[in-house]
Structure formats: structure tokens, C-alpha cells
Q: 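Handing you a structure now.
In what follows, chains carry the letters A, B, and so on, assigned in the order in which the sequence lines appear, proteins first and then strands, with residues in each chain numbered from 1.
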Protein chains: 2
Amino acid sequence: MIVSKKTNGVMGRKNPKKWEHRFREMGMRFTEPRRVILEVLGNTVEHLSAEEIYMRVYKKHPNIGLTTVYRNLYTLERMGIVTKFHFGDGCHRYELIEGHKKPDHHHHLVCTGCKRIIDYDDFMDEEIAYIKKVEKALSRKHSFDITDHVIQFYGLCKKCKAA
Amino acid sequence: MIVSKKTNGVMGRKNPKKWEHRFREMGMRFTEPRRVILEVLGNTVEHLSAEEIYMRVYKKHPNIGLTTVYRNLYTLERMGIVTKFHFGDGCHRYELIEGHKKPDHHHHLVCTGCKRIIDYDDFMDEEIAYIKKVEKALSRKHSFDITDHVIQFYGLCKKCKAA
DNA sequence: AACAATAATGATAATGATTATCATTACCAA
DNA sequence: TTGGTAATGATAATCATTATCATTATTGTT
Ligand SMILES: [Mn+2]
Ligand SMILES: [Mn+2]
Ligand SMILES: [Zn+2]
Ligand SMILES: [Zn+2]
């Protein structure tokens, strides 16, 4: 089963019924577990771990297994529908790339106290410009094909500062 | 055992004999395992995992245990001597903050093919300027105390592109 | 020097997240 | 229908990292 990355676009966004098409067009099936996992991811602003996704799935579909959640998160990742992050607590966290509840491309602010994660996409103009520049320079200098980046700021949120 | 972060400076750099002082001044002992771990970290440009560090330590000091390596990496991290990274393969990787073999403050270029990691510190001036700016804005907007950041570019290196 | 206090170690077992196996089920195409 | 394959779910296995705990090493003090 080979999955080509990035057939993205506006498709899928605000139109979850069309997820099905994404799967079908690559000869994959749009199963119940997949529908439900995407539903969970589409209805939160949080950055959930596999376990957390599983727990939410479990509430309405106790028959769906944790293994299936892991397996499909990996599938969704390869399809370019979901991204996986690591914020320094012991697990990976997943996020819909084109979710109604999320800014389209964004970076993260991570509280090392309460582990809360804030999406931000203001400053994006400068950021994008700057990143493009560095990417280009790095690509040339090291003959690297840059496809992605991670930018995270760590610190203490208001509450954690006080406490 | 409480360790305050950041007593950094030029100290220690190019002067490994002074690591001892760093420990002593906080009532800690500069033990053989610590000396050896720092030696390993000081003699490489790589970003080693705990296991890899342990293996190098093992060659000359087979009596030093993996547990001790983990424990001391944690200690060194809290002392601000070492930083821990996560590059997407399944483990944490460590790096001396003030190593002879490293640019002082730098960011990373990660090949998702061969997992090789390239340090870069050209563009650092711009990058720092940019980061300061974003940090300030984010700090204000979200009342966040930003203490650290992670900037990583992912892609394929020359070799992995070809293959 | 002998001693008590405690820092640090190392062997081992335990944990927690993720992955591999494999028999079973669901779906599609002929 | 029926055969072939995709996908699932229960279970066991892996791998990195931590927790325990008895032992050893170091330091400051009589
Ligand atoms: Mn996010
Ligand atoms: Mn580095
Ligand atoms: Zn917080
Ligand atoms: Zn490579």
C-alpha cells in the first residue's frame, strides 16, 4: 500500500464528507474507524496523543481498538492529512492539517509547566518570509531538499508563572 | 539535589578540566562516569542517543552502567551543560552546549532519509533577531515567559535525494 | 584514622508508548 | 457467489526510559 504525500488543497476542509474521496482515489477504504478518528481530530483544538484519541473514540465506539488508532494515524500522516508532533512530554501528538478549528499553517507555543499548547499564526508574514529565505539558503548550501520545518517556543504560561 | 540552570559563560569551553568546578560549586561530585560522559560528548560532532553514548563509554569503561548514563544526562541537562533533542526517530539525542566541536548556538537540518543531522549557524544573526522579535510579541500577547525554542528544518540530503 | 552522613552508582525490575503478529472480518470486483 | 485483498482487533513483543534498592565512594567531622 503506497501513499503519495500531498494531494492537499481546499478539498476536505469544511467538507468532511469528502474525506471519503481522498481514500477512494487511492484504492483505500473509508472505514468506520477512519471516519471516527477524523471526526475526533476535526472537533478539537487540542493536540491529542494516540491514547487520548483512542479514549474519545472509545466513548461512542468501544469496539475500535487502540492498535487501529495508531495504524490509521500513521496512514493519515502518510496521506498528508495529519501531522505528528513531539512537544517534550513522552508521546507523539497529532493534529489535522486542514481542520476547521485550526489556523491553516501555524507554529507552537508550549508551556513546560502545564503542557498546554498554543497555536499561533499571527506574525506569519514575517515568519514565512524569513523561513523561505533560510530554506532557500540552506537548501543551496547543503544540497538539501527541505520539505518541512518545526518551530516551537517553550516557556511558562501565565498561570504556571504565578504558581 | 537542586540544580539551578545557567551558570554558563565561557567557562568550561575549551577547558574541560573546569567541569569539575561546575559540579563542586553546587556540592556535587565530579565522578568518573561524569568525566567520561562529558569526554564522549566533547569529542563528537554527532547528536548521540543515550544508548550510543553508553556504547562509547563502554569501550573504555565497561563497568559504567546505562542507568548512570541516563541519570547523568538528566543531571547535565538540568545544569545547562547539555541539551536534549528529539528529531523524529524514536529516541532523545544529546549535545554539549559549549563544545569545542560545535557552533555555539545553532539550529538543525534533519535528513528524514538517513537521519543525519546538520548543525548550522550561518543566518544566525538574522535568525536571532527574528526570534527575539517573535518571542517578544508572543510573550506579550499570551503572557508567556519564553525560555527556549526549537527550530528544525526537515528534508532530504543530497545522497538520499539521489537514491 | 575511624565514623557518620549522604551522594552516586549499577543491577535489576518495571513502566509506558509504540509496533509486530496473526487469525478474523469487511469490502470490492469479476 | 466467490475469491482476493484491505482493514481490523486481540495479543504479545519491543524499545527507550524510569524506578527501586542494596552497595560503594566521598566528604566533612570527631
Ligand atoms: Mn497546532
Ligand atoms: Mn546540534
Ligand atoms: Zn502552563
Ligand atoms: Zn540523508
Q: Taking only residues two or more places apart in sequence or in another chain, which ones pass ring-ring contact (aromatic ring centres under 6.0 Å, His included) with Tyr130(B)?
A: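 Residues passing ring-ring contact (aromatic ring centres under 6.0 Å, His included) with Tyr130(B): Tyr130(A).
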
Q: Got a donor-acceptor contact below 3.5 angstrom from the Lys60(B) side chain to the Val36(B) backbone?
A: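 Not at all, since once roles are kept as given, no pair shorter than 3.5 Å links the two residues.
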
Q: What is the distance from atom CG of Leu76(B) to atom CG of Leu96(B), rounded to the nearest 0.5 Å?
A: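 Between atom CG of Leu76(B) and atom CG of Leu96(B) there are 8.0 Å.
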
Q: Between Met79(A) (CE) and dA6(D) (P), how many Å, whole number?
A: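 Spelled out: CE on Met79(A) to P on dA6(D) is 15 Å.
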
Q: Distance alone, cut at 3.5 Å: any donor-acceptor contact between the side chains of Gln152(B) and His108(B)?
A: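 The criterion, which ignores hydrogens and geometry beyond distance, is not satisfied for His108(B) and Gln152(B).
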
Q: To the nearest Å, how far apart are Arg71(B) CZ and dA11(C) P?
A: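 Distance check: Arg71(B) CZ to dA11(C) P gives 11 Å.
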
Q: Listed in order of residue number, which residues of residues 86-96 of chain B have a non-hydrogen atom at under 4.0 Å from DNA chain C?
A: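 Result for residues 86-96 of chain B: none.
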
Q: Could you run down the sub-3.5 Å N/O contacts of the protein with nucleotides 25-27 of chain D?
A:
| unit_1 | atom_1 | unit_2 | atom_2 | d |
| --- | --- | --- | --- | --- |
| dT26(D) | O4' | Arg29(B) | NH1 | 3.4 |
| dT26(D) | O2 | Arg29(B) | NH2 | 3.1 |
| dT27(D) | OP1 | Arg24(B) | NH2 | 3.0 |

Q: What's the CZ-P distance between Phe30(A) and dT8(D), to the nearest Å?
A: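 From Phe30(A) CZ to dT8(D) P: 11 Å.
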
Q: Take the protein atom OH of Tyr54(B) and the nucleotide atom P of dT18(D), then report the distance between them rounded to whole Å.
A: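 These atoms are roughly 17 Å apart.
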
Q: In whole Å, I'd like the distance from the NE2 atom of His61(A) to the C1' atom of dA7(D).
A: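 From His61(A) NE2 to dA7(D) C1': 17 Å.
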
Q: Surrounding NZ of Lys161(A) (heavy atoms of other residues, nucleotides or ligands, distance under 6.0 Å), is the total greater than 12?
A: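 Yes, enclosed.
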
Q: For dA7(D), does OP1 or OP2 lie under 4.0 Å from any side-chain N or O of Arg34(A)?
A: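 It does, given that an N or O in the side chain of Arg34(A) lies less than 4.0 Å from OP1 or OP2 of dA7(D).
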
Q: Are Phe153(B) and His107(B) close enough that some pair of their side-chain heavy atoms sits under 4.5 Å apart?
A: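 Phe153(B) does not reach His107(B) side chain to side chain.
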
Q: dT18(C) C1' sits how many Å from Asn72(A) CG, rounded?
A: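 Asn72(A) atom CG is separated from dT18(C) atom C1' by 15 Å.
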
Q: Taking CE from Met26(B) and C1' from dA8(C), how many angstroms apart are they, rounded to a whole number?
A: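 Atom-to-atom, Met26(B) to dA8(C), this comes out as 16 Å.
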
Q: Using 4.0 Å as the upper bound for N to carboxylate O, is an ion pair formed by Arg56(B) and Glu46(B)?
A: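 The answer is yes: the pair qualifies as a salt bridge.
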
Q: Which residues pass the ring-ring contact (aromatic ring centres under 6.0 Å, His included) test with Tyr120(B), sequence neighbours left out?
A: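 Testing Tyr120(B) for ring-ring contact (aromatic ring centres under 6.0 Å, His included), a comparison that skips the adjacent residues, returns none.
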
Q: Does any donor atom in the side chain of His61(A) or Glu39(A) lie under 3.5 Å from an acceptor atom in the other side chain?
A: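 Note: His61(A) and Glu39(A) side chains miss the donor-acceptor criterion.
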
Q: Does Tyr70(B) place a side-chain N or O at less than 4.0 Å from the phosphate oxygens OP1/OP2 of dT17(D)?
A: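 Yes, such a contact exists.
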
Q: If you take any heavy atom closer than 4.0 Å to DNA chain C, which residues from residues 62-69 of chain B end up in contact?
A: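 The stretch gives Asn63(B), Ile64(B), Gly65(B), Thr67(B), Thr68(B) as the residues lying under 4.0 Å from the strand, ordered by number.
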
Q: Is a side-chain N or O of Lys102(A) found less than 3.5 angstrom from the main chain of Val45(A), in a donor-acceptor match?
A: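 Checked: pair present.
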
Q: With a 4.0 Å cut-off on N to O distance, would you call Glu32(B) and Arg35(B) a salt bridge?
A: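 Counted as a salt bridge, because a side-chain N and a carboxylate O are separated by less than 4.0 Å.
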
Q: Is a side-chain N or O of Arg22(A) found less than 3.5 angstrom from the main chain of Met79(A), in a donor-acceptor match?
A: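 Yes; judged by distance alone, with no hydrogens or angles, the pair exists.
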
Q: Which heavy-atom pair separates His92(A) from His86(B) by the least distance, and what is that distance?
A: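 Smallest heavy-atom distance, with atoms named: CE1-CE1, 3.8 Å.
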
Q: Any donor-acceptor pair under 3.5 Å linking the side chain of Thr112(A) with the backbone of Gly155(A)?
A: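 Side chain of Thr112(A) to backbone of Gly155(A): a pair is present.
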
Q: Let's see if you get this right: which residues in residues 35-52 of chain B place a heavy atom under 4.0 Å from DNA chain C?
A: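 Hits under 4.0 Å, by residue number: none.
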
Q: Measure from OH on Tyr74(A) to P on dT8(D) and round the result to the nearest Å.
A: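 Spelled out: OH on Tyr74(A) to P on dT8(D) is 15 Å.
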
